[in-house]
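Quick notes on the structure that follows.
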Amino acid sequence: MATSTTRTHHDHDHDHDAIVVGAGFAGLYAIHKLRNRMGLDVQAFDAAGGVGGTWYWNRYPGARVDIESVHYSYSFDEDLQHEWHWTERFCAQPEILEYLNHVADRFDLRRSIGFNTRIDAVTWDETASRWEVRTDDGTVHRARYFVSGAGTLSVPKKPEFPGVDTFAGPVYMTGNWPHEEPDLGGKRVGIIGVGSSGIQAVSEIAKTAGTLTVFQRTPNYATPIGNHPTDPEQEAREKAEYPQLRDAARNHFLGVPYSDVQPSALAVGAEERRQVFDDRWSRGGFRLFIDAFGDILFDQRANDTVAEYIRERIHERVDDPETAELLCPRDYPYGTKRPPLETDYYEAFNRDNVHLVDVKSNEIVSVTPNGVLLADGTEHELDVLVLATGFDACTGPLLAMNITGVGGRALADHWADGPQTYLGLMSHGFPNLFMITGPQSPSVLYNMPLAIEDHVDFLGDAIAHLSERGLSVIEPTAEAEAEWVRHTNELAQATLLPNSPTSWYMGNNVPGKPQRVLVYLGGAPAYRAKCAEVVEHGYEGFRLSEGRTLVGA
Ligand code: N01
């Protein structure tokens with residue numbers, strides 16, 4: 001039952017058709033679709049002071065997209081995609097933020113967004129079949145539909161070691177980097193974490209810091225991004241073929257129009273395999289991961305071939321053999337942690353000012369006022385500490401909003417053993433609550449802007465479908481949800497993913513977090529086909545109803 005006692009305002013200004021959380025790729029398109037295209041009254045909120053979502057917060061040196069910008073961009077507006085010019089193959093954060101600001105202005109989205117506003121509580125009012133959404137200034141807004149575009153990697157993981165607050169110098173998180181670029185010139189900088197963020201940051205910070213100490217627990221399989229300035233001829237060709245490229249992207253496992261994947265690394269001889277790896281390595285992007293051999297993520301022996309190839313390349317690039325070996329992953333399969341892409345990352349360790357510290361064998365005990373203290377008593381003295389320690393992925397952003405559904409059941413309780421969703425889009429007991437790129441959808445394993453557009457189109461169509469039939473409530477059945485959870489787990493078990501000791505894909509990067517696969521591993525085409533089938537069968541697996549008396553409607 002709704003907690004109407006928590007309501008501090010109840011007037012027309014706070015009653016909406018839909019409330020959207022987030023002003024990143026997801027929130028912006030959701031506002032456009034629901035308000036501009038469908039004519040709904042939409043109110044959006046974002047804790048940030050501007051649009052951009054992940055690209056607003058992640059301003060660390062080196063932050064850059066790792067799917068080609070021509071593909072990592074909206075497809076919903078022909079003119080937008082033809083007129084926008086990306087200066088590089090893989091654009092850096094400032095340019096993506098500029099693009100999202102351009103989109104917000106071009107489609108007049110800003111007027112629907114309350115910035116600097118965090119959602120404190122989201123509660124289903126059963127008497128009215130509406131969501132009550134309380135923001136951090138105590139205001140309560142109400143809406144028929146609640147749409148989360150809160151992101152997948154937007155809640156930074158809390159440090160596992162004590163003492164961060166005692167550090168005498170500044171501490172910067174890659175996921176919440178200051179807007180005024182800190183001056184790291186000549187400073188003794190330490191960075192903890194070598195995931196995608198840490199790896200991108202190391203390449204850049206190494207150039208300016210006095211010294212850079214890299215605290216590495218698990219080495220990563222980083223491969224070259226292959227970035228370069230946009231080639232005008234290639235850009236013209238791609239723009240001429242945009243409809244076909246988008247179509248091919250949506251029909252590819254990862255949502256990029258790559259088309260050279262070979263069936264099996266084990267079906268070819270060593271020489272041919274090497275040629276394929278060399279080709280994908282030099283072409284950059286995710287080609288080595290997703291466009292080399294189709295069994296890399298499924299067969300340990302196939303995976304061993306590419307893992308060994310990457311280790312050889314690391315040894316070629318790093319001068320000191322001991323440092324090179326320390327940078328080589330040995331105890332988990334390639335691709336089971338999200339593979340980072342890099343520019344001159346390994347070469348950074350050839351610089352005199354960069355030092356690699358193994359914190360697996362000698363773990364971090366605490367941060368002290370002077371620096372980082374390790375288990376053997378060594379203290380690394382630092383002026384600046386950078387935390388690139390990752391995120392409470394996929395479920396974290398949703399659970400942070402304190403969502404309570406039917407019967408007063410908290411989402412946190414419903415998900416106590418891991419996320420439970422249908423299609424990674426909705427949960428049983430939480431009617432009319434849509435999770436754009438939610439847990440158990442392809443999300444981060446599908447080119448995000450396209451994954452977002454697909455989800456927003458699905459939920460927009462579902463709302464239109466309800467409205468055409470005089471209905472107002474949609475909720476997945478418990479059976480459909482249980483089957484989806486079973487299916488996503490089964491897909492994960494068929495891959496090598498569960499073999500990674502710490503991977504946010506599995507939720508095991510955060511101590512105490514339930515371990516359950518957070519992404520759908522059947523690939524974007526299979527997922528899209530399933531969603532289409534659900535719609536074709538009259539929203540199979542969902543219960544559509546009239547709901548209760550509508551207040552303020
Ligand atoms: O986070 P991560 P991220 N002691 O979880 C280490 C996206 N992204 O922010 O592996 C010591 O990958 C941890 O060590 P370990 C992308 O999807 C995209 O880098 O747990 N170390 C690991 O090295 C990416 O996957 C781009 O042993 C500790 C690191 O911190 C996702 O965001 C760019 C530790 C965390 O790596 C997350 O990437 C950046 C401890 N107590 C990010 N705790 C693009 O290019 C954690 N670590 C688009």
Side-chain angles (χ1 to χ4, degrees), residues 25 53-55 57-69 71-72 90-93 96 151-164 173-177 190-204 214-223 225 227 254 284-286 289 327 329 331-332 335-343 345 356-367 372-375 385-394 396 437 443-449 451 500-511 513 518-519:
F25 268 99
T54 199
W55 299 105
W57 298 105
N58 287 266
R59 301 166 180 248
Y60 59 85
R64 180 179 295 285
V65 68
D66 53 13
I67 283 184
E68 290 85 340
S69 294
H71 309 310
Y72 185 92
F90 297 88
C91 277
Q93 173 270 338
I96 304 167
T152 48
L153 295 154
S154 51
V155 173
K157 187 177 110 158
K158 291 193 185 73
E160 288 159 38
F161 32 78
V164 173
M173 297 187 102
T174 48
N176 188 2
W177 197 259
I191 182 165
I192 301 175
V194 291
S196 300
S197 308
I199 281 173
Q200 287 185 330
V202 163
S203 302
E204 287 305 310
V214 181
F215 297 93
Q216 169 191 278
R217 187 164 65 182
T218 311
N220 233 315
Y221 293 96
T223 63
I225 192 167
N227 189 30
L254 195 69
F286 281 119
F289 174 43
L327 287 164
D331 58 1
Y332 68 96
T336 57
K337 285 164 95 70
R338 202 274 205 173
L341 301 184
E342 51 80 36
T343 305
Y345 171 65
L356 182 64
V357 175
D358 173 21
V359 296
K360 178 164 263 169
S361 60
N362 186 16
E363 70 184 36
I364 298 172
V365 173
S366 67
V367 174
V372 171
L373 179 67
L374 304 186
L385 179 61
V386 177
L387 296 178
T389 43
F391 298 89
D392 181 356
C394 301
T437 64
S443 67
V444 290
L445 279 179
Y446 182 13
N447 177 0
M448 276 303 229
S500 177
T502 54
S503 168
W504 60 260
Y505 284 157
M506 296 299 296
N508 55 10
N509 66 322
V510 176
K513 182 166 173 165
L518 296 170
V519 284

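Sequential numbering from 1 along the given sequence is applied to the chain's residues. In each ligand, atom 1 is the first atom listed, and ligand 1 is the first ligand listed.
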Donor-acceptor list for residues 500-507 side chains, cut-off 3.5 Å, not counting sequence neighbours:
from: T502; atom 1: OG1; to: K337; atom 2: NZ; distance (Å): 2.9
from: S503; atom 1: OG; to: T336; atom 2: O; distance (Å): 2.9
from: S503; atom 1: OG; to: Y505; atom 2: N; distance (Å): 3.2

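Looking only at distances, a side-chain donor or acceptor of N227 sits under 3.5 Å from a matching main-chain atom of F90.
D392 is listed as a side-chain neighbour of K513, based on a closest heavy-atom distance under 4.5 Å. Put simply, the side chain of T223 reaches to within 4.5 Å of the side chain of L341, judged on heavy atoms. Side-chain atoms of E342 and N220, non-hydrogen and from C-beta on, never get closer than 4.5 Å to each other.
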Can you list every pair where an N/O of ligand 1 is under 3.5 Å from an N/O on the protein?
from: ligand 1; atom 1: 9 (O); to: S197; atom 2: OG; distance (Å): 2.7
from: ligand 1; atom 1: 10 (O); to: T218; atom 2: OG1; distance (Å): 3.4
from: ligand 1; atom 1: 10 (O); to: K337; atom 2: NZ; distance (Å): 2.7
from: ligand 1; atom 1: 10 (O); to: T502; atom 2: OG1; distance (Å): 3.4
from: ligand 1; atom 1: 17 (O); to: R338; atom 2: NE; distance (Å): 3.2
from: ligand 1; atom 1: 19 (O); to: S196; atom 2: N; distance (Å): 3.0
from: ligand 1; atom 1: 19 (O); to: S197; atom 2: N; distance (Å): 2.9
from: ligand 1; atom 1: 19 (O); to: S197; atom 2: OG; distance (Å): 3.3
from: ligand 1; atom 1: 20 (O); to: R217; atom 2: NH2; distance (Å): 2.9
from: ligand 1; atom 1: 20 (O); to: T502; atom 2: OG1; distance (Å): 3.2
from: ligand 1; atom 1: 23 (O); to: V194; atom 2: N; distance (Å): 2.9
from: ligand 1; atom 1: 25 (O); to: W504; atom 2: NE1; distance (Å): 2.9
from: ligand 1; atom 1: 27 (O); to: R217; atom 2: NE; distance (Å): 2.8
from: ligand 1; atom 1: 27 (O); to: T218; atom 2: OG1; distance (Å): 2.5
from: ligand 1; atom 1: 30 (O); to: A388; atom 2: O; distance (Å): 3.3
from: ligand 1; atom 1: 41 (N); to: E160; atom 2: OE1; distance (Å): 3.3
from: ligand 1; atom 1: 43 (N); to: K157; atom 2: NZ; distance (Å): 3.1
from: ligand 1; atom 1: 45 (O); to: R64; atom 2: O; distance (Å): 2.9
from: ligand 1; atom 1: 45 (O); to: D66; atom 2: OD2; distance (Å): 3.0
from: ligand 1; atom 1: 45 (O); to: Q200; atom 2: NE2; distance (Å): 3.1

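Salt bridge R64/E204: absent, no basic N to carboxylate O contact under 4.0 Å.
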